[in-house]
Amino acid sequence: MPQRFSERVLAWWRRHGRKDLPWQREPTPYRVWVSEIMLQQTQVGTVVGYFDRFMARFPDLEALATAPVDEVLGLWSGLGYYARARNLHRAAQEAHVLHGGLPADLEALAALPGIGRSTAGAILALGHGRPASILDGNVKRVLARHAGIDGWPGETAVLHRLWALAEERTPEHEAGPYAQAMMDLGATLCTRANPCCGDCPVAADCVAQREGRQRELPAPKPRKTTPERETWMLLLYDAAGAVLLERRPPSGIWGGLWSLPEAASADEADARARELAGRTPATWQALPPFRHAFTHFRLRIHPLAGRLHGPAAVGVKDTAQVWYKPGQPPPGGIPAPVASLLEQPARAAATNDREDISQ
DNA sequence: AATGCGGGGTT
DNA sequence: AACCCAGCATT
């Protein structure tokens, strides 16, 4: 029977854990608090460049509480999530007035703006050495794997299970080192992509390790229904029946391929035609729209056909345009949905993607 | 319960 | 180019 979970984690941390991050030197509740706020959804390496500068300017809670908010935001700029800085400043003022400093209990801490359950636990455990639990991304990952907890942690039920486990496993003594150890375990061994289970102190009874499910846990956020974008593709024909093609930018969707000019809406078709060919067709004919699926989104294509009358079309503006006669060898690669559109403009939808015609 | 916040790293 | 990161507040 292996040792208690927390004992193994702590023993590992004493040998391999991180102990000299900026906020671990002189870990006062105030410094722990500031670091925890900076570290919300922000990686350690990023925060390292900000923490000491911030502490030099605002060495204690009173310095922060009495500073202008703009100065706080100034030292935050580049970190992102600027509401964190505003909340930090407000919380400093509230704590200063209401408690004469940072409170030292879970409820009062979590009542301050920007401090939730996990950050409050971190301040107590890391800053006061009191028994309290944290549940950040690292701990979620370690616990979900070790206990084999299925489901996305964003789901309330899963989150509740994880919190229950987190508290159940927090030792009465050394909660601070334990919290740090769990984060270090998640950050250095039990990483998202390539966990080093061979070095893990709790691999012996890890469900994910036993079942080879490290890659599946914790479950990722369910993918949203692939977003749908739409575009209007212009079939601009000249008097000879050639259609104008445009070479797409080298990178991005259909990079470097020859495709139809596009407009962001039917209303912009005329303006695009003027840009491209110097004039506009008398009328546009709307062909049946259809969908094309990419990995990350679906594109709803509205073909618009128009014939340019009068003398032969003006010469192409640059090498990124060509008048292409359907049936001739193409100037280069053509995206499949565009190719089918060129072959059978009126039937493109039917031949390309029958089920996607509607809506 | 779902979404916005945000710049940066990883894959 | 998603996806994620020492989460929390808001809706």
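Every heavy atom of this structure was used, including side-chain atoms; hydrogens, water molecules and symmetry mates were not. Note on naming: letters A, B, ... go to the chains in the order of the sequence lines (proteins, then strands), and numbering restarts at 1 for each one.
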key: Nucleotide C:dC5, atom C1' - distance to CD1 of A:I134 in whole Å   =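 Rounded to whole Å, this separation is 14 Å.
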
query = Whole Å only: how far is the CH2 atom of A:W76 from the P atom of B:dG7?
reply =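 After rounding, the reported distance stands at 14 Å.
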
request  = Would you jot down, in residue-number order, the residues of residues 164-181 of chain A having a non-hydrogen atom under 4.0 Å from DNA chain B?
outcome  =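 Nucleic-acid contacts, sorted: none.
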
task = Under 4.0 Å from any atom of DNA chain B, heavy atoms only: list the residues of residues 13-26 of chain A that qualify, in numerical order.
result =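 Residues of residues 13-26 of chain A under 4.0 Å from DNA chain B: none.
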
task = Kindly write out the residues that satisfy side-chain hydrogen bond (donor to acceptor under 3.5 Å, both in side chains) with A:H302, not counting sequence neighbours, or none if the list is empty.
result =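 With sequence neighbours excluded, A:H302 shows a side-chain hydrogen bond (donor to acceptor under 3.5 Å, both in side chains) to A:E230, given in chain and number order.
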
key: side-chain hydrogen bond (donor to acceptor under 3.5 Å, both in side chains) involving A:N87 - partner list, sequence neighbours excluded   =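 Partners of A:N87 by the side-chain hydrogen bond (donor to acceptor under 3.5 Å, both in side chains) criterion, ordered by chain and then number, come out as A:R90.
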
Regarding [X] and [Y], does a basic nitrogen lie under 4.0 Å from an acidic carboxylate oxygen?
X	Y	value
A:D238	A:K325	no
A:R14	A:E174	yes
A:R8	A:D205	yes
A:R145	A:E216	no

Candidates [options] - which lies nearest the side chain of [X]:
X	options	answer
A:A193	B:dT11, B:dG6, C:dC5	B:dT11
A:Y81	C:dC8, B:dC5, C:dC4	B:dC5
A:T119	C:dC4, C:dA6, C:dC8	C:dC8

Between the protein and nucleotides 9-11 of chain C, which nitrogen or oxygen pairs are less than 3.5 angstrom apart?
| unit_1 | atom_1 | unit_2 | atom_2 | d |
| --- | --- | --- | --- | --- |
| C:dA9 | OP1 | A:G114 | N | 2.7 |

message = Applying a 4.0 Å non-hydrogen cut-off, can you work out what A:G78 is touching in the nucleic acid: base, sugar-phosphate, or nothing?
response =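 Sugar-phosphate only.
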
request  = Provide the distance between the two C1' atoms, one in C:dC3 and one in B:dG6, to the nearest whole Å.
outcome  =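 It works out to 14 Å between them.
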
query = What interatomic distance, in whole Å, is found between P of C:dA6 and the corresponding atom of B:dT11?
reply =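 Result for the P pair: 13 Å, nearest Å.
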
key: Quiz item: A:T42 side-chain donor-acceptor pair to B:dG6 base, under 3.5 Å   =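 A donor-acceptor contact between them is present.
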
inquiry  = For the residue pair A:K140 and A:W163, would you count it as a cation-pi contact if the rule is NZ or CZ under 6.0 angstrom from the ring centre and within 45 degrees of the ring axis?
reply    =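 No, cation not above the ring by the 6.0 Å, 45° rule.
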
ask   = Does A:Y81 have A:R84 sitting over its ring (NZ/CZ under 6.0 Å from centre, angle to axis within 45°)?
value =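 Pair A:R84/A:Y81 does not count as cation-pi.
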
query = What about A:F5 and A:H146, are their ring centers closer than 6.0 Å?
reply =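 Here the rings of A:H146 and A:F5 have centres that are less than 6.0 Å from each other.
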
inquiry  = Could you go through A:E167 and A:S133, starting from their C-alpha distance and side-chain angles, then the distance that decides it, and tell me whether this counts as side chain to side chain donor-acceptor pair (under 3.5 Å)?
reply    = CA-CA 6 Å; A:E167 298 195 322; A:S133 304; 4.6 Å; no

Can you list, pair by pair, the side-chain donor-acceptor contacts under 3.5 Å of residues 119-130 of chain A, counting residues two or more places apart and other chains?
| unit_1 | atom_1 | unit_2 | atom_2 | d |
| --- | --- | --- | --- | --- |
| A:T119 | OG1 | A:Q40 | NE2 | 3.2 |
| A:R130 | NH1 | A:A104 | O | 2.7 |
| A:R130 | NH2 | A:A104 | O | 3.4 |

